[in-house]
Student: 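The structure is given below, and queries will be raised subsequently.
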There are 2 protein chains.
Amino acid sequence: MTGRIMTVAASAVPSEPRDPQRIYSIAELAREFAITARTIRFYEDEGLIKPKRQGLTRLYSAGDRTRLGWILRGKRLGFTLAEIKELLDLYQVDRTGVSQLRELLRRSRLHIEDLEHKRRDLDAHIAEFRDVELQVAAELAKRGADTGHD
Amino acid sequence: MTGRIMTVAASAVPSEPRDPQRIYSIAELAREFAITARTIRFYEDEGLIKPKRQGLTRLYSAGDRTRLGWILRGKRLGFTLAEIKELLDLYQVDRTGVSQLRELLRRSRLHIEDLEHKRRDLDAHIAEFRDVELQVAAELAKRGADTGHD
DNA sequence: ACCCACATTGACGTTAACGTAAACGTCAAC
DNA sequence: GTTGACGTTTACGTTAACGTCAATGTGGGT
């Protein structure tokens, strides 16, 4: 077999129960990630997750849960669901051919560039607000008021 | 007068002409930032920018241009226009009272926390994709194909 | 047997962030 | 004097990402 390359997977916000066998109900995941069941079903309609079914009821695996966390992280970073789907799909396609690997590499690099642009934006934003914080704190100190820090 | 605290201002993407006296037409700014005039007018309707007028025609100052760049950067980071407006307004309110300064400080800190959360998300995202890039590049190299780098 | 919490599938409603088209004014160029 | 590039307002259309019912099923207590 050709060496498996890995699948995109990382830590979501709530990642305590490291049991890969566990299954989750939709309400459970909704609570955990502070979203509604409607949202989760919507993501499924959009093809972002495909839980198993027992009859009609959806059963979510640990992998599904991880995927969901990944999706939400993408959202926090300002990506649309369509973009997130593209990225998720990207790593599920056929990796056997060299041309496909090349394409995957190309798109990864493009995406990394995008992410690094975002990071520059973010760093600039943070720097500005840190500056504001300093100035305001200094002004408050000068006026003899305390700044909320000890 | 009470020491001016500064106003939020930073570099947008296109920031070559450092002439603070220049004025810009709406089409000019639209081209420069790669958005439509409709978008700029929409931002005005939403109270995000308030250009001067000569009759009906809008005239944008260097400050307006900077503001616009700031708005777009906020958008790239995934903030809604409502959030961006809040942040912009934040720095235009009355800074004379101690209680207002305290409030400003509090909200700055909250926002910084949010931004730092975003940064952690972003770093995790970047790390993952870098990892993917490495793996795929390695696999390609193993197969004797070149990776697009020299 | 009945209730309740949880699940399901439609289907229509809503909000944000613009797009798009209509109808019009203005000024310089040909 | 009309064409064309720019500007304007008003207003309806659109897409994404869900919210909010309604109608129904299902398994577990009491």
Side-chain angles (χ1 to χ4, degrees), chain A residues 12-13 22-61 64-65 67-89 114 118 121, chain B residues 12-13 22-61 64-65 67-89 114 118 121:
Chain A
V13 173
R22 247 203 94 178
I23 60 174
Y24 304 83
S25 76
I26 194 169
E28 220 167 346
L29 288 186
R31 269 194 308 274
E32 185 175 11
F33 289 103
I35 57 183
T36 69
R38 173 70 176 91
T39 298
I40 300 183
R41 291 192 198 103
F42 178 73
Y43 291 166
E44 182 175 353
D45 288 345
E46 299 295 297
L48 294 175
I49 33 182
K50 308 179 199 299
K52 295 284 182 295
R53 298 261 186 153
Q54 154 183 303
L56 286 182
T57 305
R58 294 165 172 85
L59 299 180
Y60 297 87
S61 70
D64 290 331
R65 175 172 164 278
R67 260 175 101 82
L68 184 53
W70 203 86
I71 293 168
L72 296 174
R73 199 177 68 188
K75 285 215 62 188
R76 285 196 299 272
L77 293 176
F79 293 102
T80 68
L81 290 185
E83 291 168 328
I84 293 172
K85 177 173 163 54
E86 255 208 68
L87 293 172
L88 283 174
D89 289 354
D114 184 15
K118 236 162 223 192
D121 282 345
Chain B
V13 172
R22 249 203 93 180
I23 59 174
Y24 304 83
S25 76
I26 193 167
E28 219 166 346
L29 288 186
R31 271 193 307 274
E32 185 176 12
F33 289 103
I35 57 182
T36 69
R38 173 69 176 91
T39 298
I40 300 182
R41 291 194 197 100
F42 178 72
Y43 291 166
E44 182 175 351
D45 288 344
E46 300 294 297
L48 293 175
I49 33 182
K50 310 180 199 296
K52 295 283 181 296
R53 298 261 185 155
Q54 155 182 304
L56 286 182
T57 305
R58 295 166 172 83
L59 299 179
Y60 297 86
S61 70
D64 291 330
R65 175 173 165 278
R67 261 175 98 80
L68 184 53
W70 203 87
I71 292 167
L72 296 174
R73 198 178 69 188
K75 284 214 64 188
R76 285 196 298 273
L77 292 176
F79 293 102
T80 68
L81 291 185
E83 290 169 329
I84 293 173
K85 178 174 163 52
E86 255 207 69
L87 292 173
L88 284 174
D89 289 353
D114 184 16
K118 239 165 216 184
D121 282 347

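Below, each value reflects all heavy atoms present in this structure, side chains not excepted, and no hydrogens, waters or symmetry copies. The sequence lines fix the lettering, A, B, ..., with proteins before strands; numbering per chain opens at 1.
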Student: Any chance you could lay out the side-chain contact (heavy atoms from CB on, under 4.5 Å) test for A:Ile49 and A:Leu88, step after step, and finish with the verdict?
Tutor: CA-CA 10 Å; A:Ile49 33 182; A:Leu88 283 174; over 6 Å; no
Student: Go along nucleotides 7-26 of chain D 5' to 3' and tag each nucleotide: B for a protein heavy atom under 4.0 Å from its base, S when only backbone or sugar atoms are that close, - otherwise.
Tutor: SBB-B-----BBBB------
Student: To the nearest 0.5 Å, tell me how far B:Leu72 CG sits from A:Asp121 CG.
Tutor: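 Reported to 0.5 Å precision, the distance equals 10.0 Å.
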Student: With rounding to the nearest 0.5 Å, note down the distance linking CG in B:Leu81 to NZ in B:Lys75.
Tutor: 5.5 Å
Student: Specify the separation, in whole Å, of atom CD of B:Glu44 and atom C1' of C:dC18.
Tutor: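 It works out to 15 Å between those atoms.
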Student: Under 3.5 Å, which donor-acceptor pairs do the side chains of residues 51-60 of chain A form with other protein atoms, sequence neighbours left out?
Tutor:
unit_1, atom_1, unit_2, atom_2, d
A:Arg53, NH1, A:Leu56, O, 2.8
A:Arg53, NH2, A:Glu44, OE2, 3.3
A:Arg58, NE, A:Glu44, OE1, 2.5

Student: I'd like to check the salt bridge (Lys or Arg N to Asp or Glu O under 4.0 Å) partners of A:Lys85; sequence neighbours left out, ordered by chain and number.
Tutor: A:Asp89
